Amino acid sequence: MARGRFILLEGCDRAGKSTQCAMLVAALKEKGYAVELCKFPERTTTIGQMINAYLTNAKELDDQAIHLLFSANRWEAMQAMKNKLREGVHLVVDRYAYSGVAFSAAKGLDLTWCKNPDRGLVRPDLTFFLDLPTSEAEKRGGFGEERYEKRELQEKVRHLFHELKGKEWVMVDARSSVQAMHETILKTALDKIQEAQNEAQSGELLEDMFIE
Ligand code: DGP
């Protein structure tokens, strides 16, 4: 049996990731695939609650400390994610280590330092980057409630995402309609899943995130 595929959706705030994740999970389920949704930050764990307090401005933390907490929040989910993938369950993941690096580096932390804590996490098989100009993002309900929802920071984050672009990335224009984006994402995800089912060597997990 082929292992499950790790399908990541990344992008700037307001690009529509959560909507697209939900639509992708529902469509894959309807086609009979075993699929689960993961979201980072996962705010329900003890570490996740500290992250939530920081994002909602209830708690102050040094940039380095919050960076390590975001990374720890991914590591604490890793064993369960690996088990699911090995059981043949596909994972649709809403944000991951690319967000981790882009947001902290946008605040001025060194890029290599930012990548290090996430080195060795499982690498996604396919990453959709939902790209949205910051001026468009601002029109969608406006920024302001959470810590990072500021135009200047979002511009830097977007720029850094483009710099981090990995070989498994597929760029999606987030100005398109919800349905058009869904169709593109679903088709590409199905191709990846079907390609994996035909490969002899599809059992190995890629445990080399940020390892060149
Ligand atoms: P979300 O729940 O997807 O809306 O994300 C909350 C905010 O946290 C959003 O502004 C992006 C930011 N974020 C997500 N992951 C990370 C991370 O790993 N590190 C940092 N510094 N910020 C992150």
Side-chain angles (χ1 to χ4, degrees), residues 6-25 37-78 81 91-124 127-134 136-138 140-164 166 172 174 181 185 209-210:
F6 178 163
I7 301 166
L8 170 64
L9 274 77
E10 277 282 14
C12 303
D13 291 1
R14 301 279 195 277
K17 289 180 301 301
S18 302
T19 304
Q20 292 298 330
C21 281
M23 289 174 86
L24 180 60
V25 168
L37 176 67
C38 303
K39 174 164 173 48
F40 293 106
E42 168 49 77
R43 301 190 194 210
T44 59
T45 65
T46 305
I47 294 170
Q49 285 166 20
M50 292 169 77
I51 294 172
N52 186 56
Y54 173 81
L55 287 172
T56 55
N57 296 308
K59 187 175 174 61
E60 290 306 315
L61 282 167
D62 287 344
D63 290 342
Q64 287 86 347
I66 187 65
H67 181 76
L68 296 174
L69 287 176
F70 271 111
S71 177
N73 187 236
R74 289 183 278 277
W75 279 109
E76 68 180 342
M78 209 37 36
M81 286 172 69
L91 297 180
V92 172
V93 180
D94 186 344
R95 287 197 195 275
Y96 195 57
Y98 295 112
S99 279
V101 175
F103 278 84
S104 291
K107 290 191 280 182
L109 298 186
D110 176 77
L111 195 67
T112 306
W113 188 91
C114 290
K115 284 182 181 175
N116 275 338
D118 284 325
R119 275 170 69 96
L121 284 173
V122 175
R123 182 157 47 92
T127 297
F128 293 102
F129 180 72
L130 277 54
D131 195 23
L132 188 68
T134 312
E136 292 291 320
E138 265 182 328
R140 298 186 174 185
F143 293 145
E145 278 151 39
E146 281 203 339
R147 187 178 288 263
Y148 293 144
E149 296 179 341
K150 298 184 182 76
R151 189 196 173 102
E152 202 184 321
L153 185 82
Q154 293 285 333
E155 284 283 9
K156 286 187 188 158
V157 169
R158 182 168 180 239
H159 184 76
L160 278 151
F161 269 129
H162 281 267
E163 235 178 83
L164 291 168
V172 179
M181 276 164 75
I185 290 171
M209 188 77 203
F210 294 142

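What you are looking at is a predicted structure, and each value in this text was computed from that prediction instead of being measured. We count ligands from 1, going down the list as the structure has it; atoms in each ligand are counted the same way.
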Hey, which atoms in ligand 1 end up nearer than 4.0 Å to a heavy atom of [X]?
X	result
G100	17 (C), 18 (O), 19 (N)
L55	6 (C), 7 (C), 8 (O)
S104	21 (N)
K39	1 (P), 2 (O), 3 (O)

Next on the checklist: Counting only heavy atoms, tell me which of R43, E10, R14, K17 gets closest to atom 4 (O) of ligand 1.
Outcome noted: R43
Checklist entry - Looking only at non-hydrogen atoms, which of F103, F40, F70 approaches atom 11 (C) of ligand 1 most closely? => result F103
Would you say [X] has any N or O atom under 3.5 Å from an N or O of ligand 1, going by distance alone?
X	answer
E146	no
Y96	no
D94	no

Does a salt bridge link [X] with [Y], judged by any charged N lying under 4.0 Å from a carboxylate O?
X	Y	answer
R147	E60	yes
K107	D63	yes
E146	R43	yes
R123	D118	no
E149	R14	yes

I'd like to know whether ligand 1 has [X] as a neighbour, heavy-atom separation below 4.0 Å.
X	answer
H67	no
K107	no
R74	yes
R147	no

Nearest-neighbour protein heavy atom for [atom], which is reported as residue plus atom name and distance:
atom	value
atom 9 (C) of ligand 1	D13 OD1, 3.5 Å
atom 5 (O) of ligand 1	R95 NE, 3.4 Å
atom 21 (N) of ligand 1	Y148 OH, 3.2 Å

Checklist entry - Are E10 and S99 linked by a side-chain donor-acceptor pair shorter than 3.5 Å? => result yes
Item to check | Q20 and S18 side chains, donor-acceptor separation under 3.5 Å | outcome: no
Checklist entry - For the residue pair Y148 and F103, does the interplanar ring angle fall in the parallel (under 30°), tilted (30 to 60°) or perpendicular (over 60°) class? => result tilted
Checklist entry - Would the number of heavy atoms belonging to other residues, nucleotides or ligands and lying under 6.0 Å from NE2 of H159 be above 12? => result no
Checklist entry - Between Y98 and F161, does the ring centre distance come in under 6.0 Å? => result no
